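What follows is a short report on a single structure.
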2 protein chains.
Amino acid sequence: MTGRRDRKKAATRKALADAALELFLERGYDNVTVKEIAEAADTAIATLFAHFPAGKEALILDDSGEREASLTTAIRERPQGTSPLDALHAFFAGRAPFREDLPAEYRRRMDLILATPALWAYARTVWIACQDTLAALLAEAAGVDEPDDSLHVLARYVLETPDLASARPDRAAALAEAFAHLKRGWPAL
Amino acid sequence: MTGRRDRKKAATRKALADAALELFLERGYDNVTVKEIAEAADTAIATLFAHFPAGKEALILDDSGEREASLTTAIRERPQGTSPLDALHAFFAGRAPFREDLPAEYRRRMDLILATPALWAYARTVWIACQDTLAALLAEAAGVDEPDDSLHVLARYVLETPDLASARPDRAAALAEAFAHLKRGWPAL
DNA sequence: GTTAAAACTAGAACGGTTTCAGTTTCGGAA
DNA sequence: TTCCGAAACTGAAACCGTTCTAGTTTTAAC
């Protein structure tokens, strides 16, 4: 399953992502070209795009379903007596950029993303892409078969909230405010 | 004020926008290059970007503050006894892509936008850019001095709703559903 | 009529992305 | 062990949107 080939492939991918992060942190996202990244990782540009077909942004914001998985656990394994919306609030409040006490490594990375419009926009689209999954999870939590319009709307608002709250002076307060209103708007959850 | 120079400038701009729309409708947004558009309008590529610095998408989605103005009237001049949220609901329900009985000219254009991810995404960002304006309008309607987190959240959710509702099978129903929940979530409005 | 600003121009350059044809590397079947 | 085919990788070319540059034309104002 994990032969030499797969190990080498993973190594190439990691070399690319590492080189990209280092260069971005050093000189800023917009001042680094994919050619430089490929050279730093000692690969061809075509190889870079073979590993990250979603483009330059994906070098930093590697998705691979990790988001959907974390959302799923956040809802499915929430403490008893906790509403799905409270679980989601806690989920986001415990992550960057809302949680403050994170290792410097994470923080620098998040600061880069927050400071780079292209990266922040891409991060948002990756979260929004979870809308169907989240709507299904909410339906499950509500004991409904299929998510209807109402749950899709809620899922979208929830996933939009981090982007929105991050732009406010007090991010955590804005996040809490948003979830408070969502709870009022969807009292059944 | 409107001398020959301004008239010619406006003509050039219109020639570019017209050529773009015609070519896009004919062959699809992604199958038309800016070079072709410039040639069809008999201008240089540099001229195209001088008129539409926001890029290729702006050839179709010309902004120029028209959106903010229409939002402002929708809220300020709403019928007495109508809540701001009802006014916004009516505002969006009366526009493409929610209103169905529009001239074929508008419809083809909107179908193009809906069918082209780049255009649809750009349209969304232009609407989202009205967030501060809408938050201020909501504050004004609520008799508050400055919009707080709560109103900024609401403004964002409202502006996000058309994009969201358009992706649902019954657009108008999804729009209504979303506004119903927003009204519950912000009962003061 | 002169002048200066503004519109326009052609062409080069840049950066992200795709494509292509060809090479190397490896896993698995024979 | 050998050999075959798939997969990773490569360099180079091409494409497209966008910006830049240096220079030309047009027009408004004095």
Side-chain angles (χ1 to χ4, degrees), chain A residues 1-21 23-24 26-64 116-122 125, chain B residues 1-21 23-24 26-63 116-123 125:
Chain A
M1 190 61 46
T2 57
R4 197 200 324 275
R5 176 172 276 173
D6 300 85
R7 253 177 289 132
K8 285 202 174 180
K9 189 179 175 183
T12 301
R13 186 190 179 81
K14 186 170 186 316
L16 285 165
D18 288 352
L21 179 58
L23 288 171
F24 291 161
E26 193 180 327
R27 319 213 311 259
Y29 180 82
D30 293 315
N31 301 318
V32 178
T33 67
V34 292
K35 183 164 167 252
E36 290 172 315
I37 299 170
E39 278 167 5
D42 199 28
T43 66
I45 294 183
T47 304
L48 184 154
F49 283 103
H51 280 276
F52 298 92
K56 193 182 173 188
E57 297 93 351
L59 284 161
I60 294 300
L61 292 154
D62 200 2
D63 191 21
S64 73
T116 309
L119 287 176
W120 189 245
Y122 182 70
T125 70
Chain B
M1 191 59 46
T2 58
R4 198 198 324 274
R5 175 173 276 172
D6 300 86
R7 255 178 288 133
K8 286 203 175 180
K9 189 178 174 184
T12 301
R13 185 189 180 82
K14 186 169 184 318
L16 284 165
D18 288 351
L21 179 57
L23 287 171
F24 290 162
E26 192 180 327
R27 318 212 313 256
Y29 179 83
D30 293 315
N31 301 317
V32 178
T33 66
V34 291
K35 183 165 167 250
E36 290 172 316
I37 298 169
E39 277 167 5
D42 199 27
T43 66
I45 294 184
T47 304
L48 184 154
F49 283 102
H51 279 277
F52 297 92
K56 193 183 173 187
E57 296 93 351
L59 284 160
I60 294 299
L61 291 154
D62 200 2
D63 192 21
T116 309
L119 287 176
W120 189 244
Y122 182 70
T125 69

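The structure presented is a predicted model; accordingly, all values stated were derived computationally and were not measured. Below, chain A is the first sequence line, B the second, and so on; all start at residue 1. Any value given below was found using the heavy atoms of this structure, including those in side chains, with hydrogens, waters and symmetry copies removed.
- Heavy-atom neighbours of B/Asp62 CG from other residues, nucleotides or ligands within 6.0 Å: above the threshold of 12.
- Here the P atom of nucleotide D/dA7 and the CZ atom of A/Arg7 are 19 Å apart, to the nearest Å.
- The residue from A/Asn31, A/Asp18, A/Val32 that alone fulfils the side-chain contact (heavy atoms from CB on, under 4.5 Å) condition with A/Leu23 is A/Val32.
- Interatomic distance, A/Thr116 OG1 to A/Tyr122 OH, rounded to the nearest 0.5 Å: 14.5 Å.
- Atom CG of A/Leu21 sits about 12.5 Å away from atom CG of A/Leu16, to the nearest 0.5 Å.
- Nucleic acid contact for B/Asp42: sugar-phosphate only, since backbone atoms but no base atoms lie under 4.0 Å from a heavy atom of the residue.
- Across C/dT9, D/dC9, D/dA8, the shortest atom-to-atom separation from the side chain of B/Thr47 is found for C/dT9.
- Cation-pi geometry between A/Lys56 and A/Tyr29 is satisfied (NZ or CZ under 6.0 Å from the ring centre, within 45° of the ring normal).
- Counting to the nearest Å, the P atom of C/dG15 and the OH atom of A/Tyr29 are 13 Å from each other.
- Atom CG in A/Asn31 sits about 14 Å away from atom C1' in C/dC14, given to the nearest Å.
- Side-chain N/O atoms of B/Thr12 include none lying less than 4.0 angstrom from OP1 or OP2 on C/dA7.
- For the pair A/Phe52 and A/Arg13, the minimum side-chain heavy-atom distance is below 4.5 Å.
- Relative to the side chain of A/Arg5, the nucleotides C/dT9, D/dA8, D/dT18 differ in distance, and D/dA8 lies closest.
- In terms of position on DNA chain D, the residue among A/His51 and B/Lys35 whose nearest nucleotide sits closer to the 5' end is A/His51.
- If you check D/dG11, D/dT19, C/dG16 against the side chain of B/Phe49, the one that comes closest is D/dT19.
- Whole-Å rounding puts the B/Phe52 CZ to C/dA7 P distance at 14 Å.
- Secondary-structure annotation of DNA chain C gives the stems C:1-30 with D:1-30, with a stem taken as at least 3 successive Watson-Crick or G-U pairs whose two distances both fall under 3.5 Å.
- Rounded to whole Å, the distance from CG on A/Leu48 to P on D/dA8 is 15 Å.
- Nearest-nucleotide positions on DNA chain D place B/Thr33 closer to the 5' end than the other of B/Thr33 and B/Lys8.
- Out of C/dG16, C/dT9, D/dG17, the shortest distance to the side chain of B/Val34 is found at D/dG17.
- Between the P atom of C/dG15 and the CD1 atom of A/Ile45 lies a distance of 11 Å, rounded to the nearest Å.
- Rounded to a whole Å, the CZ atom of A/Phe24 is 12 Å from the C1' atom of C/dG15.
- Regarding A/Arg4, its CZ atom lies at a distance of 14 Å from the P atom of D/dC9, rounded to whole Å.
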